[in-house]
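Structure first, then comments.
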Amino acid sequence: MSSAGSGSMTLIWHSTVNHSLTCVKYIANGSLTSFWHDPWVGGGACLKSLFPRLYAAEVNKQVEFKDRWNIQNGCWVGSWEWRAGLMGRASQDFDDLILLLQNTGFLAEGIDRWKWSWSKDGDFSSKELALRIQDCLGNRRH
């Protein structure tokens, strides 16, 4: 492909396939999901972006989901390690984080996995991706 064509394909790729909009992390046991870095929050956001004050206060920025939010005796509970006590806005952010966690459904068993939002079963399909690209180019074949 020529260099002129590659710019167009790059633009199409970025406008068609935005990982955070097309792939969602479904959490089961939490052992394969980064608590702060993976986009598991609705809309494809990661907690690092939503709660930067809490992320700055976090001792272990690479912590897995299961090490911060897990099920104990049938209830979901948090386990936190902050560099210092949370005060001011960080304290309010923490309350907001807990509310978000309590209002998000998690499975207690199974394996965390990525699901592709463009398919009904959540599995990636090169055919569906090709159709999306054709839509962007305006020449979809039926």
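- Surrounding CZ of Arg89 are at most 12 heavy atoms belonging to other residues, nucleotides or ligands under 6.0 Å away.
- Annotation for Ile111: atom CD1 does not count as buried by contact number, only 12 or fewer foreign heavy atoms lying within 6.0 Å.
- Aromatic pair Trp80/Phe94: centroids less than 6.0 angstrom apart.
- The CG atom of Leu32 sits 10.5 Å away from atom CD1 of Ile27, with the distance rounded to the nearest 0.5 Å.
- Side-chain atoms of Arg68 come within 3.5 Å of backbone N or O of Ser79 as a donor-acceptor pair.
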(request) Kindly indicate, with the supporting measurements, whether the criterion side chain to side chain contact (heavy atoms under 4.5 Å, CB included) is fulfilled by Tyr55 and Leu47. (result) CA-CA 8 Å; Tyr55 181 74; Leu47 291 183; over 6 Å; no

(message) For a side chain to side chain contact (heavy atoms under 4.5 Å, CB included) check, start with the C-alpha distance between Glu64 and Trp69, then their side-chain angles and the critical distance, and finish with the verdict.
(response) CA-CA 9 Å; Glu64 293 175 346; Trp69 193 251; over 6 Å; no

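- Of the possible donor and acceptor atoms, none in the side chain of His37 sits under 3.5 Å from a partner among the backbone N and O of Val63.
- Annotation: the span from Trp36 atom CH2 to Ser49 atom OG amounts to 11.0 Å, rounded to 0.5 Å.
- Remark: Ser91 OG to Leu54 CG distance equals 9.0 Å, nearest 0.5 Å.
- Side chain of Asp112 to backbone of Asn29: a donor-acceptor contact under 3.5 angstrom is found.
- Between the side chains of Asn60 and Glu58, no donor-acceptor pair is found at a separation under 3.5 Å.
- Separating the CZ atom in Phe51 from the CG atom in Asp93 is a distance of 6.5 Å, to the nearest 0.5 Å.
- At a cut-off of 3.5 Å, with distance as the only test, no side-chain donor of Asp38 or Thr33 sits close to an acceptor on the other residue.
- If you take CD on Gln92 and CZ on Arg53, they are separated by 10.0 Å, rounding to the nearest 0.5 Å.
- The aromatic rings of Trp76 and Phe65 stand perpendicular to each other, their planes meeting at an angle above 60°, with 30° marking the opposite boundary.
- Atom CD of Gln62 sits about 6.0 Å away from atom OG of Ser34, to the nearest 0.5 Å.
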